[in-house]
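This report concerns only the one structure given below.
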Amino acid sequence: MTGSADLPLLSDPPSYGTGRPPFQCEFPIAIANPADTNRLSLTGVTRVRRIKRMRSKVIWSSLVSLACGLSVSPMGSAFPGLELPGAPASEDPAVYVIRAEKLIERPGVVHENTSVLISDGRILEIGPDIALPDGATELKGAVVCASFIDPWSALGVDNGVLADTKMAESARTADGLNLFDVDHLFQEALRAGVTSARVQGGWQGKVCGLGAFVRLDPTLNDPKHAVLLPDADLAMSVGHSVNRGATFQRMGDGTFQMISGDRPTDVFDRVSEIEAVVSSVEAGEAYRRAEVEYKFKLKEWQEAIAEKQEELEDDFKKAKKDRDKKVKKAKEDGKEHKESKYKEDKKPREPKFNEDKAALARVAEGEIPLVVEVHRSSAIRNLLAGTERFSRLRLVIAGGSEALSCAEDLAERGIPVIVWPSLRGTTKKDEFTGATLSLAGELAAAGVPVLLGSGGRDADTTRDLPLLAQLAVGHGLEKEQALEALTIGAARAFDVADRVGSVELGKDADLLILDGMPLEPFTKIQYVFCGGRPAVTPEDN
Amino acid sequence: MKNQKLGTLARTAVATCLAATALTAATNAMPFSDGNIVIKAGQVITLDGEPIENGTIVIENGRITAVGKDIKYPWNAEVKEYPNSVAFPGFVEALTNSGMDRANENIDVAAFLNVKDSIDPVSFYFEDSLRSGVTTLNVQQGGSCVVGGMGYIVKPVGMTVEEMTVQPNSGIAMSAAPKSGKSRATQTLALRQTFDDLRRYLEGVVQEKRDGVDLATREALYQGREADEETSKGRPMGGNGWKVSNLEMIPRWEIDEKKAPLLGIVEGKTAVFFYCSTPGDVQTAIRTAKDNGFLNRTVLCLSSGCWKAADLIKQHNIPVILSSVLTHVERDPVTGEEKETFVPAVFQDKGVRFALRSAGTSGKSLWYQAALCVGHGMTREQALAAVTTTAAEITGLSNRVGSLAPGKDGNVVIFSGDPLSVMSNVEQVVVEGNHVYDRSTDVRMRHLETGAQPENTSAEMETGTPHKHDEPEEKDDKEPDEGENEEEKDDDHEGHEDEEN
Amino acid sequence: MLNGLLAVALAAIFPGDTDIPSPTAAVERMTAFQAKLVHTGDGSSIEDCVILVKGGVITQVGANIKVPSGAELIVHDGALSPGLIALQSEDGAVGELNESTRTVMPEAEARYAFNPEHKDFSRALGVGITTLVLAPSPRSLIGGRTAVVKTSGGRVVKPAAQLMLGLSSDALNRNKFPTSYAGAMGELEKQFSNPEGSVSRAAGGSLPVLMDVNDRAETLRAIAFAARFDLKGALYGSYWAEDVVPAIKESGLDVVCTPFNVGEGSRGIRSVVGLSKAGVRIGFGLEAPDRHPESLRFGVALCVRDGLSPSAGMKALTGDAAAIAGVSGRVGRIARGLDADLVLWSADPVALSSTVKAVYIDGKLVHGGNQ
C-alpha cells in the first residue's frame, strides 16, 4: 500500500510543460495510475489467491464474467433518479493555478516547484511551467497535498438512521443524509482539511446497510453533487448489536456504553454473529449463482424453443392436413374431435428478486467491499477463516481492537483495518477495550494496510481526524503511513481513487495548500479545495 | 341528539328529504332541500373581485348562478337577509386526518384502502368544522405509512359518506417521513421497493401473458390449426414515468387489485399527497415522484422544518400544504441562540403555492391560521387565498369551491364581522345552497354560553325535569359575543404533525 | 486493605499537612542532559541546552554550561520538557474519592486514596505526565483536600494542596441534602462564616480552593462566593460563553479546564483560548481513568489549532499548572532547585505526533529507553 513505483514521472509524457494550452477534457479522463481503479474490475483481487481447483475456477470466472455482462441490475440506475455525478458542479467553472514550492502528489512522491492547473473541478495539468489562463486565479503555497478522507464517519447522517438497528442490506445511508443542518460541522471538518468521508448509518445493528461516499462541501447540499458513491460498501457489525433490546449512551470520552439490555455479548454471541456474516456472503454468492444459472438455462431453453418453433412451422402444412382429415373423420363418426396434446419443456423459473441478496451478491463478487466492525481476536479469526473461501470478497475490518493477534493473516490477505485512535478511558468496558493508541502503528509494522477513521458514531469527530492521526503517529505509526491512510489509502479501499486521494491528472481537485508539511501541529492550512473550489480561505481563520 | 345539530329549518328539510328520496350510491350528494336560496348580506367578499356592499348571492340547485349588487332573483326564492353581516366563501381545509375511525394503518403499503370506508359522518369533527365555517375538507390518511389509502373530499354535512362527498378519490397519501420503526433510509428503501415491486410485477404479468400466447401459438401449430386471435383487452401504460411495454396485453381487471392503485399513481391518474417532516424528506419525495412519473400530481404536506427546502420546491414548482405549526423554532448549534422562522412567509416570498391547515377545529381553525399570517406581515389577500382559493386549486377543486363566483358550489358563510377578526362569529353556514348551520340554534354552543342544557342529555335525565326548549330563533344581528368557543376537539393530530424540536 | 495499610504508613512517615521535603536518599551522581530544545515551563525555550541534575534536583540550566567530568551525559536529539501536570484526576482511586454519605468533609484528604502501585499511573507516565492532582469528587459540597502526587515512586508532593468545593449541579442530589442551589450555597455560607480547620485556612486565603463549576451561572456564583470570603484558588470547569472572561480575570482566580472530547464544540475551545489570551492562568484537568491520559495534550492541541500559542499551551501543561496547584517550588519548571522531573520527546510536546522517549522523575529514569 505504499506509493507505486510504476507511476509515470511527470517529465515523461511530452504534453506537460511545453506551453501547450490546457486541453479541453470530457469526463472520464484516462487515469494516471490504473491500480487506483479497481471498481467493477472482474479481476479486481489485490492479492494472489491460492487456486485450489483450477478447472472449476476457470469455468466459474467465465460464468461470472458473462453474468456481469448480463446481470440484472436494480430498477433504473443504481441510484435511480439521480444521475451518478459526472463532472462536478459547474455553476462556477473557475480556473485556478496553484504554484507550489512542494507538491506532495501522494505520500513518498514529492515534486519541487510545480504548478497545478484546476478547471471546472478537475486537475487538468501538473507541471513546472503552466501559463496563467485569462480569468484564472493564481495562488501560491509552500506545500500542496491531497486533502484528507475520513473512511469511518457519521458526518451528515440523520440521527435516526445512525440509531436504526433494523437496516436491511439494501438500505442506503445515502437516503438518510441530512445535508440541511450540518453546515457548521462541514465547515469545521473542511477547516481541518477533511474534504470527503465514507459515511455509514445503522452501526448499532448487525447489518448496517450500504454506506455512501460523500464530499463535504456545504455549498453542494444537493445529493447529486455531494454523494460521490451512493453505495460505497456494505457494512456489518459484530459484538455490540442491540438486537437483544440494549440501548446505548454516549460517555464523555466518546465511548458508547450499553446501559440496558439483558446481558452483554459473550463469546457464543460473537461466534453466531460471525456465522451470520459468513452465511450472508454465502447467500449472496448463491443468489448470484442462481441468477447466472437461470440466465444460462433460459438461453438454452429459448434456443431449444426457437428450434422447435421452426420445426413446427415447417411441419404446419402437414399437421393441418392431418387435422382436417381427423376432423372430417370425427364428424363422420359423430364424435368430438380431440386435439392432440402438445408438450414442451417448461420455461425455467426466474429466481425471486431479493434486493438484500442482490446487495450481498455484489459483496460476494467483490464489486463493493464488506466492512465488518469486529474487535475480539477470536471473532476476527473466525471471520478470516469463514471468509477465506470467497476468493472475490473484499473484506475491510473496522475497529480491530485485537487485530494484532491476526496480523499475519490480515497482511497476507491484504485486508485493510480501519483503526479509530480514540482517547477512551479504562473504567468502562465496551467492544473497544483492548485498543491502544499504538494499535495503528503495530498493525502497520506487521504489514497490515492501516486506515484511520473517526469511529462513525458522532458527526463532530470527523473534524479531529487529523489530530487523531497525529496521535497515532506519536504512538508508533509512521508519518508517511498516516498520510497515506488519510488520503490515497482510504480512497483506494473504497473505490474512489480514480477521483480523489492524490494530486494527479484527471482527479477531482480536492487538495490543501499549507504553510508547512501536513499533519504537523504548527502547520496552518491556508486553502482547502473541495470539488475544485476553495471552500476554506485564509480569511476564514 | 343527532337531529338537533341542524337548525329547525334544516331539520324539517332533512325530514322531508329523507322521506321523499331514496339514498343512492351516487357520488353526487343528495340535496337536503332543493338547494335554492338567495342570500343578501351587508358585505359580500367574493374573493373573485372587489367586495360588494349590500350584495346578493343567488344559488340555484346548489350552484351559484349570480353574485352582485341589485340582482334579480326568482319571486319564489327563499331569501335570507343579513344586512349587518359579512358573506364569505366557505373555507377549504386542504388536508385533514380527522373524522375517520383511524387515520393510519399498520401495513406499509395500503394503497388499496379508501377513506370512504373509514369516515364517520357523525363525528364531532365535522360538526365543529361547520361551526368554524369550513365547508370543504380533503380527508386523507395520515403520514404514518409508506403508501397510504385514497382520500375523499367531503363537505361536513350529511348522514352518509355518499351524501358528504364532494369529490371522491381525491388522492393517495404517501410518506417520505419515516413511520415508527423505520429510519429515513429504510423508509426510502420501502418507497423505492414499492415501485420496483410494482414494475417487476407488471413485467412478470406481461411476460407470463406473452409466454402463454407463444405457447398457444406453438400448440396450435402442433395441432395443425390456426392460432386464436389475440385480442388485447387492456390499455398500454400511460403517464410520463417508466413504462412497461405491452401492458395492453393485460386486461386491467386482471391486475392485482392491491397493485392497481399504485399503477394509477405511476400513470399520473391520481394525485399524491406526500408527507415530509424534514428537508431531507422533501428531497426523497421529489426524487421518488420524479422517478415514477407523478411529480406533476404531487402535493407536498410539510412540517414546519421543511421551509429550508423551499428553493428545491420552487425549482420543481410543487404546491405545498403547510402543517398547523406555522412558526419553526430552532436552536443554533454553535451559538445556542434560538431562531424563529415564520414558515408561510418563506413560501410566499419564494412564490410557492401553499395552503394552510387548521390547528384545532374551533379555536384555531383556518381563519386563525390566516389571521396569524396577516399578523406576521402577509397581506389579507395572500392569507385568505391560502385557506380558500389556493387550497381549492391544490386539491383540484378550483372550479367548484374557494370563491363566490357563478358556477361554483353555493358554500357561503355568514360572519358577524371581518372573517379574520377574533371578535367575529360564524353565524350561518350555507352548503350547496342548503342552510345547514345557524348559530342561534346551535345547541351545544348555547350550552356553553348560556348554560342551557340540550335536550335528552344526561343532565336532563339526572334532574328529571325537561329543560326549556331553545328560545325562538333570533336573527342574530346583535353585537358578537366576547370570548371564544372553548371546546377544542383536537382529534386532528393523528398522523404526522411535527411540532417544534 | 492495602489502601488502609498505605494510609497508616504514609501518616506515620508524613504527619500533618506540611510540605514534604525533597528526598535525601536519591541518586547522588551528577547527570547531565543535553537536548536540542528545552522547554523551561515558564513559556520560554532554550536551544542546545544543558541541564545538570544531582540528587534528584536540578542544579543548573543553560545553553553554555560545561558538563563536569564524571557526570553521566545523556544527549537527546529532540525536545525536553518538564513533566506534564494534570490538575484533576482519579487515577488509582476510582470510587475512593467520593464520600457520598457526607456532603461536607473538609478534613478528608485525597492522599489517603493514593495507590501508587496502580497501573493507571504507569499509563499516565507513559504519555509524559509526571505529576497529578488527586481531587475529591465534585459531588460533595466540600469534598476534602486535594493531593499532588507523582506518577512514579509514590511520592506525595503536597498532601493538602487545595480545598475542593463542589459548586456545580453535580453536588446536588435528588433525595438527600442538598437538593437545590439555595440549599447548597446556604450550607457553604454557614461553613465559611464560622470556619474551622481547613475551611478557616481557605477563608484566610492560605489554602487555595478548587471550585467545580459547569456553566456560566455557576461560574459567576463561584466568583461571587470567592470574593465574599476572600478565597484564592482556581475554578474547575471551562465551558462557558466568552462574556464571562472579564469577570474571571477580575477575580484573580485561575482556571483548570475540563478535558475536551474528540469533536468538542468550538464554543468550549474558543472560551479557553479567550481565557488564556486575556491573561488568566490556565491548566488542564484530566478526569482519568475515565479518559485516556493523552486527553491532556489533545486538549492543548485543540486549543492550539484554534489560536492558542504553542508556548502558552506548554505553560498550561507545566509551569502554570504547578502554580495553580501550589507546587511551583517543586515541579513544573526546569529551573535550579526544582525536582528533576523531565520528559524527553521526539519532537515538540505540543505536537501530538511526538513520542515520549524517556521520562525521569527525581532524576531517575522511570520510563522509556536509554539514549
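Note on naming: letters A, B, ... go to the chains in the order of the sequence lines (proteins, then strands), and numbering restarts at 1 for each one.
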Legend entry - From CA spacing to verdict: side chain to side chain contact (heavy atoms under 4.5 Å, CB included), A:M167, B:L189: CA-CA 10 Å; A:M167 293 282 271; B:L189 179 69; over 6 Å; no
Legend entry - Stepwise side chain to side chain donor-acceptor pair (under 3.5 Å) test for B:T186 and A:D164: CA-CA 9 Å; B:T186 36; A:D164 194 350; 3.2 Å; yes
Inset, instruction - Please report the C-alpha distance between B:R192 and A:R172 in whole Å, then the side-chain angles of each, then the deciding distance to 0.1 Å, and finally whether the side chain to side chain contact (heavy atoms under 4.5 Å, CB included) criterion is met. - result: CA-CA 11 Å; B:R192 195 168 52 235; A:R172 296 166 191 241; 3.2 Å; yes
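Within 6.0 Å of NZ on A:K328 lie no more than 12 heavy atoms contributed by other residues, nucleotides or ligands. Within a 6.0 Å radius of CD in B:E208, other residues, nucleotides and ligands contribute 12 heavy atoms or fewer. Counting non-hydrogen atoms of neighbouring residues, nucleotides and ligands closer than 6.0 angstrom, the NZ atom of A:K166 reaches no more than 12 such neighbours.
Of the listed residues (A:D181, A:D322, A:T173, A:D324), the one with the most heavy-atom contacts under 4.5 Å to chain B is A:D181. Ranked by heavy-atom pairs under 4.5 Å with chain B, the first of A:K326, A:K341, A:E313 is A:K341.
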Identify every side-chain donor-acceptor pair in residues 212-223 of chain B under 3.5 Å, counting partners at least two apart or on other chains, and give the distances.
unit_1, atom_1, unit_2, atom_2, d
B:T217, OG1, B:V213, O, 2.7
B:R218, NE, A:E344, OE1, 2.7
B:R218, NH1, A:Q309, OE1, 3.4
B:R218, NH2, A:E344, OE2, 2.9
B:Q223, OE1, B:R225, NE, 2.9
B:Q223, OE1, B:R225, NH2, 2.9
B:Q223, NE2, A:S340, O, 2.5

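In this structure, the side chains of B:Q283 and A:L177 stay at 4.5 Å or more apart for every pair of heavy atoms. For the pair B:Q193/A:S170, a side-chain contact is recorded, criterion being any heavy-atom separation below 4.5 Å from C-beta on. Side-chain contact between A:E350 and B:Q207: absent, with no pair of heavy atoms (C-beta onward) separated by less than 4.5 Å. Residues B:R184 and A:D175 have side chains not in contact (no heavy-atom distance under 4.5 Å, counting atoms from C-beta outward). Under the 4.5 Å side-chain criterion, counting only non-hydrogen atoms from C-beta, B:S183 is not in contact with A:D158.
Within residues 255-264 of chain B, no residue has any heavy atom less than 4.5 Å from a heavy atom of chain A.
To the nearest 0.5 angstrom, B:L312 atom CG is 6.0 Å from A:F180 atom CZ.
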